Peer 1: 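Provided herewith is a single structure, encoded as structure tokens, for subsequent inquiry.
What you see is a predicted model; the values in this text were computed from it and never measured. Computation of the quantities below employed the complete heavy-atom set of this structure, encompassing side-chain atoms and omitting hydrogens, waters and symmetry-equivalent molecules.
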Amino acid sequence: MEKKKIHFDHMKSWIWIFILFLSLIFILVGFFELFEFENPKLNKRISAIGFFIQLVYFSKMFWYKNYVQWNKKGAVVRVNSWISKSLNFDQIKKTELIQNTLIITKNNGETITFDLNEIKETDTQKLNEIIVKNTIANNVLRN
């Protein structure tokens with residue numbers, strides 16, 4: 001059986017930031033009708049294009065079966081499930097990777113477990129590394 005990959009999204013991509021900014025411009029131009037066109041429906045279409053671009057951006061998580069999106073504050077992890085789990089790095093106390101199972105213990109004692117048996121070893125290591133690296137960085141900044 002072939003192991004599955006995880007799609008990683010660091011949320012620092014300037015291309016996606018530019019696309020979101022462009023969609024906002026389309027929405028504002030269409031909504032406030034800053035330009036007068038011969039066809040009055042054109043402003044509504046411009047606004048609709050902006051909303052469609054945002055729909056594409058925010059649906060990225062659902063394009064992949066296994067998806068991790070993170071920034072310096074936290075991560076959204078969806079592995080072998082349709083339900084994702086949100087993690088705040090400053091609330092993580094301990095992270096353990098034991099036999100393809102990632103166990104995350106929060107400061108309040110709650111544990112979150114991810115079964116990574118069907119995931120490639122390199123992606124498993126990368127997920128663990130992202131969580132550990134950002135947890136340490138946030139705990140150093142907090143103290």
Peer 1: Mind checking the OG1-CD spacing from Thr105 to Gln91? Nearest 0.5 Å is all I need.
Peer 2: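 Thr105 atom OG1 to Gln91 atom CD measures 13.5 Å (nearest 0.5 Å).
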Peer 1: Taking a hydrophobic cluster as the set of Ile, Leu, Val, Met, Phe, Trp and Tyr residues connected by side-chain heavy atoms closer than 4.5 Å, whether directly or through intermediates, do Leu97 and Ile112 fall within one such cluster?
Peer 2: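 Yes, it is one cluster - the side chains of Leu97 and Ile112 are joined through contacts under 4.5 Å.
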Peer 1: Do the side chains of Tyr67 and Val76 join up, straight or via other hydrophobic residues, at under 4.5 Å, putting them in one cluster?
Peer 2: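 Result: yes, single cluster for both.
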Peer 1: Same cluster or not: Ile98 versus Leu102, using hydrophobic residues (I, L, V, M, F, W, Y) connected whenever any side-chain heavy atoms lie under 4.5 Å apart?
Peer 2: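 No.
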Peer 1: Apply side chain to side chain contact (heavy atoms under 4.5 Å, CB included) to the pair Phe8 and Ile130, showing each step before the final yes or no.
Peer 2: CA-CA 10 Å; Phe8 293 95; Ile130 288 168; 3.7 Å; yes
Peer 1: So which pairs with a foot in residues 69-117 pass ring pair (Phe, Tyr, Trp, His ring centres under 6.0 Å), sequence neighbours left out?
Peer 2: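 Every pair satisfying ring pair (Phe, Tyr, Trp, His ring centres under 6.0 Å) with a residue in residues 69-117: His10-Trp70.
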Peer 1: So, taking the atom named CZ in Phe18 and the one named CG in Leu22, what distance separates them when rounded to the nearest 0.5 Å?
Peer 2: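 Interatomic distance, Phe18 CZ to Leu22 CG, rounded to 0.5 Å: 5.0 Å.
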Peer 1: Output every pair passing salt bridge (Lys or Arg N to Asp or Glu O under 4.0 Å) with a member in residues 37-54, not counting sequence neighbours, ordered by first then second residue.
Peer 2: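 Every candidate salt bridge (Lys or Arg N to Asp or Glu O under 4.0 Å) pair involving residues 37-54 fails, so no pair, neighbours aside, qualifies.
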Peer 1: Minimum heavy-atom separation for Arg78 to Ser84, with atom names?
Peer 2: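 Scanning both residues, the minimum pair turns out to be CB-CB, 3.9 Å.
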Peer 1: Atom OG of Ser86 and atom NZ of Lys73: how far apart are they, to the nearest 0.5 Å?
Peer 2: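 Result: 15.0 Å between the selected atoms.
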Peer 1: With sequence neighbours left out, what residues match Lys93 under side chain to side chain contact (heavy atoms under 4.5 Å, CB included)?
Peer 2: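 Expected list: Asn107.
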Peer 1: Nearest 0.5 Å, what's the CG-CG distance between Leu34 and Asn43?
Peer 2: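 Between atom CG of Leu34 and atom CG of Asn43 there are 8.0 Å.
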Peer 1: Less than 3.5 Å apart, which donor and acceptor atoms pair up between the side chains of residues 116-125 and the rest of the protein, not counting sequence neighbours?
Peer 2:
unit_1, atom_1, unit_2, atom_2, d
Asn117, ND2, Asp115, OD1, 2.9
Glu118, OE1, Lys4, NZ, 3.1
Glu121, OE2, Gln125, NE2, 3.1
Asp123, OD2, Ile6, N, 2.7
Thr124, OG1, Lys120, O, 3.1

Peer 1: So, taking the atom named NZ in Lys106 and the one named CG in Asp90, what distance separates them when rounded to the nearest 0.5 Å?
Peer 2: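 Taking NZ in Lys106 and CG in Asp90, the distance rounds to 10.0 Å.
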Peer 1: What is the distance from atom OG1 of Thr135 to atom CG of Asn88, rounded to the nearest 0.5 Å?
Peer 2: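 These two atoms lie 10.0 Å from each other.
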Peer 1: Got a sec: does the NZ of Lys94 have more than 12 other heavy atoms crowding it under 6.0 Å?
Peer 2: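 Not more than 12 within 6.0 Å, no.
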Peer 1: Taking only distance into account, with no hydrogens and no angle test, what donor-acceptor pairs under 3.5 Å do side-chain atoms of residues 49-66 form with protein atoms, sequence neighbours excluded?
Peer 2:
unit_1, atom_1, unit_2, atom_2, d
Gln54, NE2, Ser23, OG, 3.3
Ser59, OG, Leu55, O, 3.1
Ser59, OG, Val56, O, 3.0
Ser59, OG, Trp63, NE1, 3.2
Lys60, NZ, Asp9, OD2, 2.8
Trp63, NE1, Ser59, O, 3.4
Asn66, OD1, Asn80, N, 2.8
Asn66, ND2, Lys5, O, 3.4

Peer 1: For Trp14, which fellow cluster members are found when Ile, Leu, Val, Met, Phe, Trp and Tyr are connected by side-chain heavy-atom distances below 4.5 angstrom, either directly or through intermediates?
Peer 2: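 Hydrophobic cluster check, Trp14: joined to Ile17.
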Peer 1: Would Ile103 end up clustered with Ile92 when hydrophobic side chains under 4.5 Å apart are linked, directly or stepwise?
Peer 2: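 No, Ile103 does not connect to Ile92 through the hydrophobic network.
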Peer 1: For the hydrophobic clusters of this structure (ILVMFWY residues joined by side-chain heavy atoms under 4.5 Å, transitively), does one cluster hold both Phe37 and Phe26?
Peer 2: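 Same cluster: Phe37 reaches Phe26 through Ile, Leu, Val, Met, Phe, Trp or Tyr contacts under 4.5 Å.
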